[in-house]
Structures are given as C-alpha cells and as structure tokens.
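Below is one structure, written out as structure tokens, with a few remarks after it.
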Amino acid sequence: MTELAGGLVQSVDWLAVAPPTILAVVALAVLVADLFTDEARKPLLGWAAVGGLVLAGLALLPLLNGDRSTFCLTTGAHNCSYVADHFTLAIQLLVIGGALLTALLSLHNQDRLPPGEFWFLLLSSAAGAALLPASRDLATLVVALEVVSLPSFALVGLRRGDRLSSEAALKFFLSSVTATAVMLLGVSFVYAATGTLHLTAVADGLSHAPAQLATLARTGAVLTLVGFAFKLAVAPFHFWVPDTYAGAPLPVAAYLSVVGKAAGFSGLILVTVIGFRPYGDVWGPALAVLAALTMSVGNVAALRQRPEQARSAVRLLAWSSIGQAGYLLVPLAAAGYVSDQGHQIGATVSYALMYAVVNLGAFGVAALVLRSHALNRIADYRALYARRPLAALALAFFLLCLAGLPPGIIGLFAKVVVFSSAVDAGLGWLAVIMAVNVVIALYYYLRWTALLFARPEPAAGEAAPVVRAPASLTAAIAAAAVVGVALSGAPQLVLRFASGSLF
Amino acid sequence: MNDTALQYALVALVVLPLLGAIGALLPAPPGLKGRDPDQAVLRHGVSVTGAVLLLSIMLAAGFDYGHSARMQGTTDLSWIPALHIRIHLGVDGVSLPLIVLTALLTFLCALHAYFKMPEGPTPKAFVALLLVLEAGTLGTFAVLDLMLFFLAFEMVLIPMYFLIARWGGEGSPVSGHHPSEEALRARSRVDRAAFRFILYTLLGSVVMLLGLLLIGLKAGTFDMVALATDNGSKLSHSTQIIAVLAIGLGLAVKAPMWPLHSWLPDAHTAAPTTGSVLLAGVLLKMGTYGLVRIVLPIAPQGAHFFAPYLAAFAVVGILYGSLACLALGRKGSGGDLKRLIAYSSVGHMGFVLLGIATLTPTGVNGALFANIAHGLITGLLFFLVGAVKERYGSTDLDQLAGDGGAALYGTAPRLGGLLAFGAVASLGLPGLAGFWGEMLAMFGSFHPAAGLSRPAYLTFMALAAFGTLLTAAYLLGVVRRVCMGDRGAETVRLADVRGFEFATWSPLVALTVLAGLWPAALLGLTDPAVRTLLGGH
C-alpha cells in the first residue's frame, strides 16, 4: 500500500477491492450494453456476465496471502473499513462461485426474463455480497447488505405478469425493509453508545461504555441482531422464505438460498464475533436458541411437504435451507461460549462452502426437471433415473450430501465439524436437538432420493420424450458434482478452515 | 509374508471392491464382453469378489499367529488433519476371521447371482451395489479410526437399501400397464421394509456419531488403538456412561438387540436371497464387532455399568426370538420360512450379546465364535431357503408343507438333507459350529467379570439354556414339516441341488463342520486379542 498523501486522505488498494469492483463495473457495462444490442445478440450479455464473474474469481488469486486492507483511518488507531483476510476470501470465493453457477443455470431460459436487467441485478447483488465479508465498519456493512438485497427484490419479481412472482417479491421486500429499519436503529444506538462505527473499535467501546449508556448499547446490539435474523430467515422471522422461493424464478431461488444466505451469515459473524465480542454471554445463548428453533421449524415443515403438491420440490428445498441455516448458526452460537473462536467460525465457513456447492447442484437438477415438468412437483422426480440417469445420480449425490450420508462424505464431515463445535463449547443439548433434526432431514432427503430410483409409474403411459439438456445447465450441474466429489475425496480442502483462524 | 505385503493386501482389500464397483458401471472392455452385457458384468462381479477372497486368504496366510493381539499390516496416513481423522487400517485376531467371512460370503453371493440373477433391474447396478456393500463391510472391520469406522458403517446402508427395495419382494416384477392389486401391495410392502431398515439404522447411527464424537473430543484422538491402550483412563466416568449409551444404541440397532430388532424380520422377508445372506451373515456382525472393538476397550467403566442391562436384553432377545419362531412354525399360522430364520437370528445374536455382556475373555471369545458360526450357518440357511422358494415359488410354510409336509427328503433328497444339516447346526448340535459359541457365552455368564452380579448372570444363563431348548424345538419342527411328510400321489420330482448351488454351499458346509470339530483354530486366534482388548494385557 503506497502512501499517496498525508493528512486524512485514505489511500486505496485497488487490487484488494478488485473482486467486488469488477462485478459492479461489469454490471453497469451490461446494463448499458443492453441498450445497444439487438434482440439476436442478447445472449451475448449473459456470456459477458459469466466472463465478469470468472474475472472477479481470478482477481482473488493475488490476494491469497490474506494480509491486505484498505480504506484505513490515517489518524489514531489503525482501523480499516475493508479487509481482505482469509475469511473474506473464503466467503468471496463462495459468493462468486455461487453467482457463477447461478448464471450458468439462467443462461438457457433468457427468453423468459428481460436479459439486460436480469444480468445487471444479479451482478450488482453479487457485488454487494462480495463486499459484505470484507467490510469492517457498521456503515459499510449495512450498505453492502442493502446492495445484496435491493436487487434481489427485483430479481424475485422479474417474471412479468406472473402474479405469484410479484407477490413473492412484495413479501420479500416488506420483510427485508423492516429488517433494515430495525437494524439501522440498532446501529445508530450502538454508534451513540460507543462513538465509532469500526467493528474493532465498537468492541472496545462496548466494554468501556459508561454505565448510563449500557442499556442503549445493549438495545442497539439486540436490534442489530434482530435485523440480521430477519435477513437470514432465522425462525421466527422465516415466514417469507418458502413463498419467495416458490414464486421466484428457479435460478434466483438458488441464488437467494446460497449467496444471499452466505452474505448474511458473514455479516452476522462479523458483527457478533468482532463487533459485539464483549456481549458473547448474551448473543451466544440467544443464537443457540434461535439455531435450535430454526432447524426444527425448517426440517419439520420440509417433512410435511406433500410430493404431489405443485412446486413441492422448490418448497422442500426452501424449507430445508431454513433447516440448514439452523446448522450454520450452531458453531456461531458456540463461539459465544469459548474464548478462541477461530474453530467455530471456521466450522461455519466450511459448512457454508459445502452447502453452497451441493445446494446449487440440487437446484441445477431441479431446473433441468422443470423444463419437462412445469409443475415442479417432487412426484415428477419418480424414476428420473430411467429418463436421465446422470442427472438422477447427481441429484442423489447432492441430496445425500445435504443429508450427510455416504457417499456424500463431505456433507457428513461438515456436520461432524458442526457437531464437534457444539460439543466442544459444552452445548450438549444443542447437539442432541441437531441430531434429532439430522434424522428428520435424513427422512425427507432419503424419500426423495429413493423416488429417483423408483420403478416408473405403471399406469403412466407414454413418457414425455427426453429433451436435450442445454449445455450451460449441464455444465453447472457437472461443475457442482465434480466439486462435491472432489471435496468428498479430500474434505480437508474446506475443513481446514475449521482448524485455523481465519481472521 | 512380511508386514509391508500384509499392509498392501489389507489396503487392496478395501479399495479393490470400490474400484470394481466403478468398473461395473463402465462398459466391458473388448475381449471381456462375454455372451451379453449382463453376463459380462455378473462375471466381473465374480472375478472381483474372487480376487478379494484370494486377498483375504493371503492376508490370513501371512498373518503372524504368534502375535494375534497385535495390529498387523497397519497403514496410518493423515486424511483430514482439521478433524484429526487418519486413514488407519490394521488387522488383528478379532477382525481377521470377520474379514475372511465377509470376503467369502460376498464371493458366494456373486457366484450365486452369476448363475441365478435375482429378478429386478439391470445386473450392472446389482453388481456395483454388491461391491460397494463389500467395501463398506470390509472397511468396517479393517479401520482403526472412530470416524472412519462410522463412515464405513454408514456406507453399507444405501447399497443394502437398494438391494432390498429393487431386487427384493415376491420375485414377480411389476410390469405392464395393469399390474394386479396383489402385486402392487407386495411392492409397497417391500418398499416399506427397505425404508424401515434404513431409517432404524440411521436413527441409531446418528446417536452413535454423537457418542463417538464425545469420546474423540474428550480423549483428544479418534485413533482406536491409542484409545484402547488408554483403556478409558482419559475419560471420566460420566463421559464413559453417556458415550457407551449413545454408541451402544447405534450398535444395538444393527446387531440387533431386542427391542430394537423390529426392522429385521421385514427386511429379511423382503430381501432377495443374496441380500438376506449378506444382511444376516455380515451386516449384523458389524454391530457386535463394534461393541467388542470400541465399547469394551475404550470405555470399560461405561461398559461395566451397562453390561447387566445388555445381558438382560440379550436374554429376552433369545427367548423372544425362539418363541416367535415357535409361533411361526406352527401349522396354520401362515409363517414364512425366511421370516422364521430372521427371528432365529434375533435369538442367535442374543447369545453373542450375552457373551459380550459377561465382560470375560471366555464370554467374549464365545461371542466372536458365535458371530462367525451364525454367519456361516444362517448364510447357508438363507441360500437354502432361497432355493426352496425358487422351486416351490413360495416360502410360506403352510403352502409349502400343506397338511402332511413338504417331503423334501423324497422330492429333492440332497436339498432336504442340507436343510436338515443347516437346522441342526443352527440349533447348536455339538460337533458343528453353532455349538461352541453359545456354550462359551453361557459358560462366560456362569462366571461373569468381577463386580457383576453373579446371581443375575446365573439367571440369565439358565434362561439362555432354556432358549436353546426352544430353538431345538422349532428347528426340528421346521425340519419335520419341510423335509418329511407324505409324498402324496402327484410325485413331481423337483430339481435337486444343481452344480453351482453345490459349489456355493459346500464351502459353508465344510467350514461349519471344521469350526465345530476344531474350534481351537478360531479361539486361539481371537483369545489373545480379546484379552488385550479387555485390558488384561
């Protein structure tokens, strides 16, 4: 980092901020280019977006040392607003990889969505998600979170003339705006109590806050966390998720369930573990209760999905993603109980990486099936193996990873990491609740898996002819499957985060 | 054979079936195409399992019998440093017989399938699943890391599920546009049985995972050898009790222990012949093996605390299994022969659990012996019942025997003779394999380990002895109804034992006789290892 000028002028390390910047620039470029391309050339916009995502992914390579930071205060304590440490890089990898897979899932059905807007919104949201894990002050954090969510509302409601899609967008919008309002109120309280927005300084300020401001600081912390709980669809603030996912275009639902969640979680980690570290005895138990509640609500609701219902496949994935969010919260809650939080944060990050890959893969196969069965019921997956053997095998692998059963070895060990973080922190009861939930989840994932290989319905008559799968969709599923299999062979690739400190 | 060769043989034993499973899914290479693709893939199954059997025999030949308590052929590689999980393989006197038994039974199943493919989808998938199953079971017996043990333990579930659900059932595939109501009902019965099998086992194993994690985190290592050497000294009393409860539940579902056995009869009734043979012969052993390998040495205080309860449940299982068999064997009860053998498995595994619960070298040796004996005899019985079903089209005892009896001695004398042989071996006739294990288990409970209530164990022993009487009663009853009887007027001469059946069954018969006449061969192998595991050093 070079010192450009003295005084208050902050120098900018452009290499460090390259990943989100590239995404934002490409997003704008695509939006502008949309105006000047004729109908026949519109597909090129999609490939441009894919290229931008790949470029942003490559921009992570020079940062691998994990020691860069920028937008630092030039006076007083060394507080930076943007830090590219290993935690940031892991989440950015997840975000960019997730957005890339989403883009591949969406390339084939561009005729249904307005291309220019779609790619612009997807890339802007991804830019926000890439910024979020790097931000180290509350203002940047809130701004980044809004950059993730605002384009998402539009993405959900993008299918013009679709009543369900608009309703979903409205639900999502209202709950999200409420969350933002609550969070901003909390942030302002915290700022009032500590006089700073930088997370490390907030932690310092909270432990030395004057007695008359303690209540204000506590209220601020609680409100900020409630805001995050809303965004993350943590029970009891989860009601908007299934309708939103079911109403949104399928790739958008996939994007929300993976990238949106990962970004929200990285924000929650930063706020709790760095910012509100002195209040660990408060948010630790609170998050533990929320985790238990979230996984139970999600899994029980997923269990109750009827395979014959319309859209049951996406609904099941939506509810199960709430359940998975509960597992993600477990190590975070455990972090409130221990002094060295590196393992716990690492466990969440490893689990999130695993979940991102296999969940996107499952959505990919769902997108494939959706092409021939518009109703998107679980019952449509009966005997998928007879029609599309490779897709069925891939989906079975993804579901078993989500369930945590061999051959989905990575899913199993990611759960082991989460379990051990809970047992380590003395949260035995949470581990037991999670075990019960894992069993419930096993039931519905297995039922679906078994259906894939079931005998074809005898009275089904002539089966619909198998349409060739588009190349981009095949590539997305194959990529997810290859990464999943590779991780199953060498789980250390993601689990190593759980053994070291990321910050 | 030196230790390095032993090490390679052991690694190959686990890896070869996995590679074979992948190979089964690929098209056959030129030159090995055979008559048709089905035949080629079934032959592939026979050759891979045959190679595995050869490897296991090499392993047994190279094993140093002078030091059977020591882990031999060990491999120890770091796999997931983040979780301290190591690829640690090794074989000692406890695991060697089980590895050979697994390799043998799987080979016989592949051979049987080569000549008589069970009704169902493609043989390709059948062979691949069979090989994954073999890799999982061999892995369970060969690994020395708690997490790998869990992984291998879970690996068998999916293949077994599909073997039951897709190849099991009444032997009449549902086809055409209008299958009969009856066939559809049978179909859903099979699906339910298979699903219940996997759910029960999974429920148990999730609890077991928590117990294993508790041990690993409290003791600081997942390595079974290191943990066994510590002999529980690094684990507090309460940790051991919680861990044994959790691990024991998972293993007890698998074993199965009464009252967690209720998945077993349905699964056996629904499974195809090869599925039943492997389920009874090998998969159940994983539960009891886990008790001996993990619970006894790693958490001795916890094992001591729960031993009387385990013994009590085991004895109830013995009596319950026998009584259920008696009821099924009665005329007019509509009993199914496969179901009857499944219930008899509950009884026999009760003896194994009783032997383990005595916590004495005698009892545990007996348990391990009974394990092997049950694998051989019940494997044989399921093969035989499969043959009966193939010839009569049913295993329903009432349909089979009618009023007078099925008269197998008259219609198919060799098959009848073998069935009678299997039955008397199963009831524990001295001189055959079934005798020694159960005798030693009861003998162990005559003198249970120090600190266990002797009067309670004497009661258990008496009840178990009564169980052997009941076992004799129902097995002889079955022999009378199936093998004897009036041939009647229409003497249809059924196909007697065919060449491939003879080849499949004779190794089991020979080993049953051998183990019965020369038990020292097996006991000499397990005894030093058992003494080490029990902490006698």
Side-chain angles (χ1 to χ4, degrees), chain A residues 343 346-347 350 385-386 389 393 396 400 403-410 412-424 428 431-432 434-443 446-447 449-451 453-461 489-500, chain B residues 18 21 25 78-85 120-122 125 132 135-136 139 147 150-159 161-162 165-166 173-179 183-184 187 191 194-195 198-199 201-218 222 242 246:
Chain A
H343 292 290
S350 321
Y385 183 71
L393 283 178
L400 291 180
L405 200 65
I409 296 175
I410 182 62
L412 174 66
F413 282 127
K415 286 212 167 62
V416 167
V417 170
V418 171
F419 269 125
S420 62
S421 78
V423 175
D424 223 10
V432 171
M434 182 172 160
V436 173
N437 271 287
V438 167
V439 172
I440 298 177
L442 280 171
Y443 180 78
L446 272 179
R447 205 171 45 176
T449 311
L451 203 62
F453 299 95
R455 298 168 180 78
E457 200 78 56
Q492 178 67 10
L493 286 175
V494 292
L495 297 186
R496 69 204 173 101
F497 296 122
S499 63
Chain B
L18 276 182
L25 294 176
S78 176
W79 186 34
I80 312 176
L83 287 170
H84 310 293
I85 296 176
T122 64
V132 174
M147 285 296 113
F150 181 76
L151 189 65
F153 196 83
E154 297 284 85
M155 201 162 104
V156 302
L157 293 181
I158 301 276
Y161 169 80
F162 282 115
R166 294 291 156 265
V174 180
S175 55
H177 287 291
H178 298 290
L184 278 179
R187 197 69 278 152
D191 285 346
F195 211 71
I198 199 166
L199 269 190
T201 326
L202 279 176
L203 216 91
S205 45
V206 172
V207 181
M208 179 169 86
L209 176 63
L210 282 183
L212 294 177
L213 275 177
L214 187 68
I215 286 186
L217 289 174
K218 295 290 176 195
F222 285 119
I242 298 173

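Every chain is numbered from 1, with letters handed out A, B, ... down the list of sequences. As a basis for the values below, the full set of heavy atoms in this structure was taken, side chains included, without hydrogen atoms, waters or symmetry mates.
- With a 4.5 Å cut-off on non-hydrogen atoms, B:Ile198 touches chain A through its side chain but not through its backbone.
- Of all the heavy atoms in A:Gly489 and B:Trp79, the pair that sits closest is O-NE1, 3.0 Å.
- With chain A as partner, the option from B:Val206, B:Val207, B:Leu209 having the largest number of non-hydrogen pairs under 4.5 angstrom is B:Val206.
- Proximity to chain A (any heavy atom under 4.5 Å) is restricted, for B:Ile85, to the side chain, taken from C-beta onward.
- Closest approach of B:Ala165 to B:Ala194, counting heavy atoms only: CB-CB, 3.7 Å.
- Taking chain B as the reference chain and counting heavy-atom pairs below 4.5 Å, the highest number among A:Val438, A:Leu446, A:Asp424, A:Leu400 is found for A:Leu446.
- Taking 4.5 Å as the limit, some side-chain heavy atom of A:Phe453 sits within range of a side-chain heavy atom of A:Leu393.
- Counting heavy atoms from C-beta on, the side chains of B:Lys218 and B:Ile242 never come closer than 4.5 Å.
- The parts of B:Leu151 that come within reach of chain A are both its backbone and its side chain, each placing non-hydrogen atoms under 4.5 angstrom from that chain.
- Between chain B and the residues A:Arg447, A:Gln492, A:Met434, the largest count of heavy-atom pairs under 4.5 Å involves A:Gln492.
- At a threshold of 4.5 Å between non-hydrogen side-chain atoms, the residues B:Ile215 and B:Phe222 do not count as touching.
- Using a 4.5 Å cut-off between heavy atoms, A:Val436 makes no contact with chain B at all.
- Between B:Arg166 and A:Ala450, the shortest heavy-atom distance links the atoms NH2-O, 3.8 Å.
- Using a distance-only test at 3.5 Å, with no hydrogens or angles considered, no donor-acceptor pair links the side chain of A:Thr449 to the main chain of A:Ala396.
- For A:Leu412, the part sitting under 4.5 Å from any heavy atom of chain B is the side chain, from C-beta outward, and nothing else.
- Of the listed residues (A:Pro491, A:Gly428, A:Ala435), the greatest number of heavy-atom pairs within a distance under 4.5 Å of chain B belongs to A:Pro491.
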